Every structure is written in structure tokens, then in C-alpha cells.
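Report on the structure given below.
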Amino acid sequence: MRYLVISDIHANLPALQSVLMDAAGAYDMVWCLGDLVGYGPNPNQCVERIASLPSVVIAGNHDWGVIGRADLLVFNTHARQALYWTQMELGEEYQEYLRSLPATVRVGDVLLAHGSVRDPIWEYVLDVHTAQVSFELDTFQVCLVGHTHIPLMFEWLDARNEVRILLPDWEAPVQLEGRRLIVNPGSVGQPRDGDPRASYGILDTDAMTFQYRRVAYPVEITQEQMRARGLPQRLIDRLELGR
Ligand code: ZN
């Protein structure tokens, strides 16, 4: 099976549509690692689109914020403003969909979590020490995470009992056979690694490979929609910077 691995769509429909078009024919099923909503202008359309696909979807911290499962006071000011707007905007059937999402899903040796193994909703895996905790708490071969909006891999080195960071290879697929990895596909709707293009990956469980991919989308359309909805300027500006 070939899985389209996406995360942190954040209600950015132009970005999601561009990824689905770019990946068309390259996957059999979607794995979505949470944060379908928050920040962006199209929460209803994004949840509807994801729910319409053959998919396994888990919850992120912004999804929990919208449905009242997370205290909005723990979010920063701009994120919180966007979440208040999203709560008013998101239809009841889509709120119900977000409520139905699990915090983790295991498919064979692959574990899906928005944040980390230790804290699937909130913990950011950005360094080898945090990654090591996840490797030691679980027996997964591959753990797919999002949340940081930064495409990155961590590999467990058994002989040395330590973890190393692997930067994404945008050209060649990464071989997964015989390795233990934490894989972050980056963010579809609000990349933060300095590249504004939508980031995602294709996991092929027959070939045992993960291919990182990047696709440009019309950032200015998303920005215009955010302006029209009165969403915070800082959130509008950061999309074209990829920060
Ligand atoms: Zn996010």
C-alpha cells in the first residue's frame, strides 16, 4: 500500500488541493496526522475533503481546541483568535467528525501520533533527546508525527543506543527496511522550515520507502481569504515566508 502522509493542513484549502493534485495516482490511502483546522480560512471545506477520502485521521492540538477538549488559554494570542473564529465557523457535523478522531492509531509496525509517543497531542519532537524518549517508550518501527510543521526524520541507532537527525531528501526515497525512524512529513497548510510550499510524503509499505515531496500552491488566495475573514495579520504574513 502507498499512503499519502499529510499533517497540519490548518484549514488551508488551496494548499490541500495542490497536494492532492500533486500526489494523484501516487497513493492508495491518506494518513492525516492532525491539525485539520486552526489558523486558516477554510475549516469546513478542509474537514469535508479529508472526511471524503479513504483515510486514517488522528487529532491534533488545534482540533482539540476547536471542540473544547483543550483549554484555548494554552494557545498563543493569534492561534487563539483563529480558534475562536473557527469555533463559530465550523459546522456541527464537522465538529462531530473532529470529536470522533483518536489521539493515536497503530497500523502494523507504524504508529501515527500528532505530537509524540509520550504526549500524542502536545509534545514537539524537534531534538534527539525528545525523540529518544519516543523510541524507548514504544516498539514501533516507524512513527509518523506532525505538530512542529518542520519536515525531519530521527533514526534510532541501536548499536550506539542513540538518535540521529536526518534532513529530508526531496529527490530520492528513504529506505525504511531494518531501521527505526520517527518521520515528520512537514506541514501542508503552514510550513515553518523557511519554504512556503506545502510539504508532505508518500509511505510505500511494499517497497518500504518514504518519499518527501513539496508542491507550490497559490499562497495569495489563502491570504486573501484570511484577510476577508479578519484573521490575524501575523498568520497571513507567515504563509509566504514559510515561518
Ligand atoms: Zn499544527
Side-chain angles (χ1 to χ4, degrees), residues 4-16 19 30-43 45-47 49-50 55 57-87 89-90 94 97-98 101-105 112-126 130 134 143-152 168 182-201 214 217 219 222 226 231-232 234-243:
L4 171 62
V5 184
I6 54 177
S7 191
D8 298 277
I9 296 159
H10 284 297
N12 186 339
L13 187 64
L16 176 59
V19 165
V30 175
W31 281 352
C32 177
L33 308 175
D35 278 5
L36 285 70
V37 300
Y39 295 131
N42 318 116
Q45 297 93 323
C46 286
V47 176
R49 193 76 186 90
I50 292 296
S55 58
V57 185
I58 57 173
N61 55 316
H62 287 252
D63 305 318
W64 271 24
V66 167
I67 60 171
R69 208 170 282 174
D71 187 347
L72 293 193
L73 292 176
V74 303
F75 291 88
N76 70 49
T77 310
H78 295 136
R80 189 163 64 243
Q81 286 172 358
L83 284 170
Y84 283 134
W85 176 82
T86 305
Q87 283 183 331
E89 178 74 10
L90 192 63
Y94 300 129
Y97 177 82
L98 294 184
L101 299 179
T104 61
V105 167
L112 282 60
H114 182 64
S116 74
V117 172
R118 176 164 59 184
D119 185 343
I121 298 294
W122 291 103
E123 186 171 59
Y124 294 91
V125 182
L126 276 168
T130 317
S134 283
C143 180
L144 300 171
V145 299
H147 196 35
T148 65
H149 298 208
I150 294 177
L152 205 57
I182 296 172
V183 178
N184 190 320
S187 169
V188 169
Q190 194 204 72
R192 294 180 190 161
D193 62 336
D195 184 339
R197 294 176 300 163
S199 182
Y200 70 98
R214 208 87 198 215
Y217 73 93
V219 175
T222 303
M226 291 172 77
L231 288 162
R234 157 86 181 113
L235 299 180
I236 297 170
D237 293 339
R238 71 186 303 177
L239 289 182
E240 70 198 58
L241 305 172
R243 292 272 180 215

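Scope of the values below: all heavy atoms of this structure, side chains included, with no hydrogens, waters or symmetry mates. Quantities reported herein were computed from a predicted structural model and do not represent experimental measurements. One-based numbering, in listed order, for ligands and for the atoms of each.
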Quiz item: Quick check: does H147 have an N/O/S atom under 2.8 Å of the Zn ion (ligand 1)?
Solution: no

Practice problem: Any chance you could measure Y124, atom OH, to H147, atom NE2, to the nearest 0.5 Å? | Solution: 3.5 Å

Quiz item: Within less than 2.8 Å of the Zn ion (ligand 1), any N, O or S from H149?
Solution: yes

Exercise. Scan V19, L33, V57 and name whichever one has a side-chain contact (heavy atoms from CB on, under 4.5 Å) with I6.
Key: V19

Quiz prompt | Ring centres under 6.0 angstrom apart (H78, Y39) | solution = no

Quiz prompt | Name, closest N/O/S atom of D35 to the Zn ion (ligand 1) | solution = OD2

Self-check item: R214/D193 salt bridge by N-O under 4.0 Å criterion
Solution: yes

Quiz item: With the Zn ion (ligand 1) as the point of reference, which N/O/S atom of D8 is the closest?
Solution: OD1

